[in-house]
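Working notes for the structure below.
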There are 2 protein chains.
Amino acid sequence: MEQRIERIKKQLHSQSYKLTPQREATVRVLLEHEEDHLSAEDVYMLVKEKSPEIGLATVYRTLELLTELKVVDKINFGDGVSRYDLRKEGATHFHHHLVCIECGSVDEIQEDLLGEVEKVVERRWNFLVKDHRLTFHGICHRCSGKKEPEKEDRA
Amino acid sequence: MEQRIERIKKQLHSQSYKLTPQREATVRVLLEHEEDHLSAEDVYMLVKEKSPEIGLATVYRTLELLTELKVVDKINFGDGVSRYDLRKEGATHFHHHLVCIECGSVDEIQEDLLGEVEKVVERRWNFLVKDHRLTFHGICHRCSGKKEPEKEDRA
DNA sequence: CTAGGTGCAAACTCTTTGCAGTTCT
DNA sequence: AGAACTGCAAAGAGTTTGCACCTAG
């Protein structure tokens, strides 16, 4: 954790950005919720618990900055909100997502399933792939177990 | 064209929706711009050319309805706007996209490249895939040819 | 010291909604 | 007739921005 913050700090400094307490608090929240897919508002609430003075605008600005630095990825599952997902260190590709249309849960797939597919795209469409977004919509293993799933809205 | 409208009409009627002139005009615009990825505003502007009385809210409502009927797919490329993409008739899967980070163009891949991948997901994650979204970000064949690509914004 | 950063409130953009009036069947 | 639909304007939700003040390096 501390090492990752240290590394991000250097990354910021290398472009003459500062690691302010607000930014550090924001990064810590992201690190502590690595598996989640927090919206800006979510992050704001969580940061506020420890640094109540922080403003929502600062959170937005920090998240934008971190996106630029490729520390996080900004994603969008189709509800009107942007979500921010910490990039695994050393990850060469953006991980995939499984969105359950029953309970709304979002799971991550870290493995890269697209190696072959990207080669095909590069060869056949002459398109140099730099990044990708892959999301599956369907029924997760938790919901497919139930016979008559009761509506538990896990928004 | 006429047949497709006829079919959509039936689909609407089967759920006691009506095919109003406004809806028909909207569908026509979508059919005429099948390759594009129009935003609601884009559709509105185009429909307005032929049916100037139409309101933006109606366009939104129609697009929502068509999404529900799976006539179109609502997509989101990360700019703040939803775009609407006509589903090819008989398409069993949602087509993929190639977004060029140089010129902003969006190309479509109709082939299904995910057959194998979906099987893996179903087996290994026990996730019943119903739909997917796959977008590649990179350099398109038009831009990779140029040495010093001049900024032609093909928004 | 000073470029960069912050909080706040106002501004903006995209989308949805309430409502009174209209239209398809 | 009556449910479905429409246009308009107002309301909402999420995000961005201007500005005066603050602070990390």
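Every chain is numbered from 1, with letters handed out A, B, ... down the list of sequences.
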dG14(D) C1' sits how many Å from Asp42(A) CG, rounded? 13 Å
Salt-bridge test for Glu111(A) and Arg124(B): reply yes if a basic N is under 4.0 Å from a carboxylate O, no otherwise. yes
For Arg23(A) and dA24(D), what is the distance between atoms CZ and P respectively, to the nearest whole Å? 12 Å
Between P on dG4(C) and CG on Leu69(A), what's the gap in Å once rounded to a whole number? 14 Å
Would you indicate whether the side-chain heavy atoms of His137(A) and Ile101(A) approach each other to under 4.5 Å? yes
Starting at CD of Glu24(A) and ending at P of dT23(D), how long is that distance when rounded to a whole Å? 16 Å
Would you say Gln3(A) has more than 12 foreign heavy atoms packed within less than 6.0 Å of its CD? no
Any donor-acceptor pair under 3.5 Å linking the side chain of Ser39(A) with the backbone of Asp42(A)? yes
Expressed in angstrom and rounded to an integer, what is the separation of Leu63(B) atom CG from dC14(C) atom P? 15 Å
How many whole angstroms separate atom CD1 of Ile54(A) from atom P of dC22(D)? 18 Å
In whole Å, I'd like the distance from the CE atom of Met45(A) to the P atom of dG14(D). 11 Å
Could you walk me through whether Phe77(B) and His97(B) pass the ring-ring contact (aromatic ring centres under 6.0 Å, His included) check? CA-CA 9 Å; Phe77(B) 290 126; His97(B) 292 99; 5.1 Å; yes
Which sits closer to the 5' end of DNA chain D, Leu12(B) or Tyr44(B), going by the nucleotide each is nearest to? Leu12(B)
Can you check each nucleotide of nucleotides 15-25 of chain C against protein heavy atoms at under 4.0 Å and return B for base, S for sugar-phosphate only, - for none, in 5' to 3' order? BBBB----BBS
Could you tell me whether Glu116(B) and Lys119(B) make a salt bridge, using a distance below 4.0 angstrom between a side-chain N and a carboxylate O? yes
Rounded (10°) bend between the five-pair end axes of the helix from dC1(C)-dG25(D) to dT25(C)-dA1(D): 40°
Side chains of Ile5(B) and Leu31(B): closer than 4.5 Å at any heavy-atom pair? yes
Does a side chain donor of either Gln110(A) or His96(A) reach within less than 3.5 Å of an acceptor in the other side chain? no
Expressed in angstrom and rounded to an integer, what is the separation of Glu68(A) atom CD from dG5(C) atom P? 11 Å
Using 4.0 Å as the upper bound for N to carboxylate O, is an ion pair formed by Asp36(B) and Arg83(B)? no
